[in-house]
Amino acid sequence: MSAPNPRGKRVGVLGGGQLGRMMMDPAHRLGIKLLVLDAHDAPARHVSGFAGHVVGDFKDPAKIAELAKSVDVVTVEIEHVNAEALADVVKTNTGVDIQPSPNTIRTIQDKFAQKELLNSHGVPLGAFRRVESREDAVAVGEEFGYPYMLKSRTLAYDGKGNAVVASAADVDGAMSKLGSSVGKPTPLYAEKWVPFVKEMAVMVVRGLDGQLASYPVVETVHKNSILDLCFAPAQVDGLVAKKARGVAEKAVGCFDGAGMYGVELFLLKDGTILLNEIAPRPHNSGHYTIEACHTSQFENHLRAILGLPLGACGLKVGAAAMYNIVGSSDGDGGMKEVEQIVASAMGVPGAAVHLYGKKECRRGRKMGHVTVTGDTMSQVVDRVSA
Ligand code: ATP
Ligand code: MG
Ligand code: MG
């Protein structure tokens, strides 16, 4: 039997931001036609060269159906899509595959539902509770103690759906912060504070045949709840790394569908590993794989959803670090700072600069990233400091 051939395959992506943009390069190399549904100036379209993108909102059922008509498989670069519309596409258009499954996307996009499912499969998690009223939020404080974390169940990213509740007097402020930042009424839930010593992440890929493979464990460092730095491999004990990959693979095993999954983890002082959250797509803490691993997360996502053989996930360099270029302020001032970071990175050996082509800089917006590779972690750390 001949191996499946990627050439001529067509993939549709809901969302054309930086993740869709970084999928374009492996798509070109493999002869896969990659079409996105997003605004006409979306970052992925700048580097595409393909005709047939769909201009519109990736939550619009009609646009999703239109994209689905011209591709073999539909996938996502963001989980905040219209999962119902995706499920309807499967019913009306039997010629198209959706990966990962609409059901997986629907469960993961609701962080509370995600945690309930993971919990029912015995994946280690911090304590969490449903919060449907002010009274619930106060009762949670009595049970968990303060501070605890109040979270929006849906539409969360870069910490925008999180509020720290420092005391009972903070409940109203936290509830209104989440209500105003993500639209009313906002479904909420609470998490007990996790006193982690490190945050880690594992990228896991699952092929159409169910085969799982995971990338090395990385250490992630957040600033203002946005990923700032990512070090690969994580500088942790080998047993911790093995356990982390085990937890990540078990978590992904709770969902169906092919593709990349990004699994965020907490490491506690006593070596306990708890899962924070999972993303059903390539993930910011997997960007380092482009320069540092045999197969990038973007290529493996395409291979997985098309039923092609998965590529090796191991490091091909001694160590790597990724630094996110995040807007420090709105407008020209912020853009100038981005340019300064790019200029200094260009003088660093082993540094690869990625800019996402976003026309405007905004405070807290991901504008690009730099991956630095080297023979050893200490060399990489020296290069990052430079
Ligand atoms: P992302 O951009 O990764 O999707 P998000 O908006 O979904 O992020 P979380 O991952 O839930 O937000 O939280 C952001 C950060 O806040 C975490 O990486 C961690 O640093 C901190 N955090 C989240 N939950 C807790 C918790 N229960 N206890 C302590 N810190 C937490
Ligand atoms: Mg999240
Ligand atoms: Mg997160």
Side-chain angles (χ1 to χ4, degrees), residues 15 17-19 76-81 104-115 118-119 123-131 137 140-141 143-166 170 174 177-178 181-183 186-203 217-231 234 244 248 251 255 260-269 272-287 297 322 324 326-327 364-366 369:
Q18 61 263 26
L19 301 178
V76 299
E77 63 133 40
I78 176 170
E79 58 275 29
H80 308 305
V81 298
T104 288
I105 296 167
R106 186 191 299 118
T107 307
I108 288 181
Q109 69 186 193
D110 177 343
K111 288 167 105 173
F112 182 76
Q114 180 194 135
K115 292 218 147 146
L118 291 165
N119 193 39
V123 174
L125 302 168
F128 64 102
R129 294 285 178 274
R130 191 186 288 275
V131 171
V140 163
E143 187 195 352
F144 286 171
Y146 297 98
Y148 76 83
M149 193 71 101
L150 194 61
K151 293 192 177 185
S152 168
R153 288 175 60 155
T154 55
L155 300 175
Y157 72 100
D158 290 345
K160 287 185 177 53
N162 292 357
V164 178
V165 185
D170 242 19
K177 179 199 158 195
L178 297 182
S181 66
V182 283
T186 308
L188 303 173
Y189 78 104
E191 286 184 10
K192 190 169 178 170
W193 194 260
V194 179
F196 59 81
V197 289
K198 271 181 202 275
E199 287 189 85
M200 305 183 294
V202 181
M203 301 302 112
V217 182
V218 299
E219 178 174 349
T220 55
V221 182
H222 293 80
K223 198 159 115 188
N224 303 322
S225 290
I226 303 177
L227 182 65
D228 182 38
L229 282 160
C230 172
F231 296 96
F255 296 94
M260 287 297 314
Y261 291 80
V263 185
E264 300 177 14
L265 303 166
F266 295 126
L267 175 64
L268 308 194
K269 207 168 154 190
T272 303
I273 290 165
L274 301 177
L275 182 141
N276 173 23
E277 61 164 343
I278 185 165
R281 52 168 171 79
H283 191 267
N284 198 169
S285 39
H287 291 358
Q297 63 165 351
M322 188 234 41
N324 259 347
V326 177
R365 191 176 203 198
K366 289 175 180 164
H369 74 265

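FYI, side chains are in, hydrogens and waters are out, and symmetry mates aren't considered; it's all heavy atoms of this structure. Atoms within a ligand are numbered from 1 in the order they appear, just like the ligands themselves.
- Contact annotation for Ile226 and ligand 1: no heavy atom of the residue comes within less than 4.0 Å of the ligand.
- Checking Met149, Lys223, Glu277, His283 against atom 10 (O) of ligand 1, the nearest heavy atom belongs to Glu277.
- When side chains are defined from C-beta on, Asn276 counts as touching Lys115, because their heavy atoms get closer than 4.5 Å.
- Listed by number with element, the atoms of ligand 1 under 4.0 angstrom from any heavy atom of Tyr157 are 2 (O), 4 (O), 6 (O).
- When all heavy atoms of Ile108 and Ala279 are compared, the closest pair comes out as CG2-CA, 4.5 Å.
- Residue contacts with ligand 1 for Asn162 involve side-chain atoms from C-beta outward but no N, CA, C or O (heavy atoms, distance under 4.0 Å).
- Scanning the protein for heavy atoms near atom 24 (N) of ligand 1, the closest one is Lys151 NZ, 3.0 Å.
- At the top of the distance list for atom 2 (O) of ligand 1, counting protein heavy atoms only, stands Asp158 N, 2.6 Å.
- The two atoms that bring Ala163 and Ala174 nearest to each other are CB-CB, 3.8 Å, heavy atoms only.
- Scanning Glu199, Glu79, Glu191 for the heavy atom closest to atom 17 (C) of ligand 1 points to Glu199.
- Atom 15 (C) of ligand 1 has Ser225 OG, 4.2 Å as its closest protein atom, hydrogens excluded (heavy atom only).
- Protein heavy atom in closest approach to atom 28 (N) of ligand 1: Val194 N, 2.9 Å.
- Contacts with ligand 1 closer than 4.0 Å are made by no heavy atom of Tyr148, backbone or side chain.
- Of all non-hydrogen atoms in Asp170 and Val164, the two that sit nearest each other are OD2-O, 3.5 Å.
- Listed here is the closest heavy atom pair of Arg129 and Val140: CB-CG2, 3.9 Å.
- With hydrogens and angles ignored, the 3.5 Å screen pairs a side-chain donor or acceptor of Lys177 with a backbone N or O of Asn162.
- A 4.5 Å side-chain heavy-atom check between Leu268 and Phe196 finds at least one atom pair inside the cut-off.
- Screening Tyr148, Phe112, Trp193, Phe144 for a ring-ring contact (aromatic ring centres under 6.0 Å, His included) involving Phe128 leaves a single residue, Phe112.
- The N, O or S atom of Glu277 lying closest to the Mg ion (ligand 3) is OE2.
- Between Asp110 and Arg153, the shortest heavy-atom contact is OD2-NH2, 2.8 Å.
- Each of the following atoms of ligand 1 lies closer than 4.0 Å to a heavy atom of His222: 18 (O).
- Just one of Glu79, Gln297, Glu77 meets the side-chain hydrogen bond (donor to acceptor under 3.5 Å, both in side chains) condition when paired with Arg281; it is Glu79.
- Of the heavy atoms in Lys192, only backbone atoms (N, CA, C, O) come closer than 4.0 Å to ligand 1.
- Shown here for Ala244 and Met200, the closest heavy-atom pair between the two residues is CB-CE, 4.0 Å.
- Not one N or O of Gly161 is nearer than 3.5 Å to an N or O of ligand 1, by distance alone.
- For ligand 1 and Lys111, the ligand atoms under 4.0 Å from any heavy atom of the residue are 5 (P), 7 (O), 9 (P), 11 (O), 12 (O).
- For atom 6 (O) of ligand 1, the candidate residues are Pro147, Gly159, Ala156, Gly126; the nearest heavy-atom contact is made by Gly159.
- Looking only at side-chain heavy atoms (C-beta outward), Ile278 and Phe255 come within less than 4.5 Å of each other.
- Minimum-distance N/O/S atom of Glu264 relative to the Mg ion (ligand 3): OE1.
- With respect to atom 30 (N) of ligand 1, the closest heavy atom belonging to the protein is Phe196 CE2, 3.6 Å.
- Which parts of ligand 1 touch Glu264 is read off a 4.0 Å heavy-atom cut-off, strictly below it: atoms 3 (O), 10 (O).
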